[in-house]
Amino acid sequence: MKKLVIVLGVICLLLGGAGAAYYFGVFDKGSSDSDVMTEPPESSLESEIAPATNSQVTESKIELPVVPKVDAYYVNQTTTSIKIRPDDQAPEEGIAYYGEKLTPQEIQGDWIRIAPIYQLEPGSEEISQWVKVSDLSVAQVPLEGDKWAEVLEQYLNQSDDYLLYSDEFLKVSTQLLKQGECRLADFEQVGGWIKSINHPQDVYFTYCGGIDARHKKYFNVATQKIF
C-alpha cells in the first residue's frame, strides 16, 4: 500500500512539472507564420524604396526675360505698330512714329518689349507693348533733311494756308517735336495748324498732348514766335 502511494505521488509530480513546463514555454509547440514577425527580404524593400531617377528630381526651369544689350531704339519708318504680344497677328496697342525713341525692357526674337507686363483684369492674359526690331534703328534718326521733310509733310499738309506757309510750319513743328512738346500723333489728330480767329495777325494753333485749351500751341508766322 505504501508503494502504491509513493508511485501515485511521483506521477503527480511529473504531471505538474509538465504543466509548468508548457505554461512557461519550455516545450515549443511550433508557432504559426502569422504569430512570428519576420524581417522582409532586402529585394522587397528595394522595390518599395526605389532610388529617384534624374527625371524625377529635375528642377523646373524658369525662363527669365532676355535683357537687350541696346539702351534705346529709334523708329525709322513713318509709323510702326505696337502689339500686345510679340506676334504679327496680335491686336494693336498703339502706334510709334518716325524718330521716336523707344527704351527696350526685353527682347524676344525680332521683337522688343517697351512697357511693363500687365493684365486688364485679374486672371486675364498677360499683355504688354511690343515693337518689331526690323522697323527700328539703333542710331538716332535725325529730324532733318529730305527724308524728314517728306515724313512731316504727311502730317501738316492739311494745315490752313499750308501752301503759303509750308516752310514755316515745317520749321516750327520740328522745333516742337525736338523739344518733346509735341508728337507726330498730335499733328495727325488735329490735321496740322489751324488759323486762329481770335488774333488779328497770321496766328495759327495746334494741340499737343491733349485737346484742352491748356494744350494749345500758338504760332505767329510774322514774328516766328510760339506762345
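In this structure, D160 has no side-chain hydrogen bond (donor to acceptor under 3.5 Å, both in side chains) partners at least two apart in sequence or on a different chain. Residues meeting the ring-ring contact (aromatic ring centres under 6.0 Å, His included) test with Y218, sequence neighbours left out: H199, F205, F227.
Note that CZ of F187 and OH of Y97 are 12.0 Å apart. Values are rounded to the nearest 0.5 Å. In this structure, OH on Y98 lies 10.0 Å from CG on L184, to the nearest 0.5 angstrom. Separating the CG atom in L120 from the CD1 atom in I127 is a distance of 4.0 Å, to the nearest 0.5 Å. Taking OH from Y73 and CD1 from I107, the interatomic distance works out to 4.5 Å, rounded to the nearest 0.5 Å. Between L176 atom CG and I226 atom CD1 the span is 4.0 Å, to the nearest 0.5 Å. Of the inter-residue distances, the one linking W130 atom CH2 with E106 atom CD reads 4.0 Å to the nearest 0.5 angstrom.
When the shell of 6.0 Å around NZ of K195 is examined, it contains more than 12 heavy atoms from other residues, nucleotides or ligands. No more than 12 heavy atoms of other residues, nucleotides or ligands shown are found within 6.0 angstrom of CG on D146.
Counting all heavy atoms, side chain and backbone alike, E181 lies closest to Q179 at OE2-OE1, 2.9 Å. Summarising the geometry of A139 relative to Y74, their closest heavy-atom pair is O-CD1, 3.5 Å, with the distance given to 0.1 Å. Here the closest non-hydrogen pair linking C208 and K217 is SG-CG, 4.0 Å. The heavy-atom pair separating A149 from L170 by the smallest distance is O-CD2, 4.5 Å. Shortest non-hydrogen contact noted between A72 and K101 is CB-CE, 3.6 Å.
Under a hydrophobic-cluster definition in which Ile, Leu, Val, Met, Phe, Trp and Tyr are linked whenever side-chain heavy atoms come within less than 4.5 Å, directly or via other members, V151 and L143 are assigned to the same cluster. Linking Ile, Leu, Val, Met, Phe, Trp and Tyr whenever their side-chain heavy atoms come within less than 4.5 Å leaves V70 and V141 in two separate clusters. Note: the hydrophobic cluster containing I114 also contains V138 (ILVMFWY, side chain heavy atoms under 4.5 Å, direct or indirect links). Residues L164 and V203 fall into different hydrophobic clusters, defined by Ile, Leu, Val, Met, Phe, Trp and Tyr side chains chained together at heavy-atom separations under 4.5 Å. Linking ILVMFWY residues whenever their side-chain heavy atoms come closer than 4.5 Å, directly or via other members, leaves I84 and I112 in distinct clusters.
Residues T78 and Y155 are in side-chain contact: their nearest non-hydrogen atoms beyond the backbone lie under 4.5 Å apart. Looking at heavy atoms from C-beta onward, D186 lies out of side-chain contact with V190 at the 4.5 angstrom threshold. No side-chain heavy atom of Q189 sits under 4.5 Å from any side-chain heavy atom of Y207. Between L136 and V75, some side-chain heavy-atom pair lies under the 4.5 Å cut-off. In this structure, the side chains of D88 and W111 come closer than 4.5 Å at one or more pairs of heavy atoms.
In this structure, a donor-acceptor pair under 3.5 Å is absent between the side chains of N76 and S137.
A side-chain hydrogen bond (donor to acceptor under 3.5 Å, both in side chains) with R113 holds for exactly one of Q129, Q105, Q108; it is Q105.
Between the side chain of D87 and the main chain of Q89, a donor-acceptor pair closer than 3.5 Å is present. Here the side chain of S81 pairs no donor or acceptor atom with the backbone of K83 at under 3.5 angstrom. Side-chain atoms of S128 come within 3.5 Å of backbone N or O of P116 as a donor-acceptor pair.
Residue pairs that meet the side chain to side chain donor-acceptor pair (under 3.5 Å) test with at least one member in residues 163-176, sequence neighbours left out, are W148-T174, Y165-D202, S173-W193.
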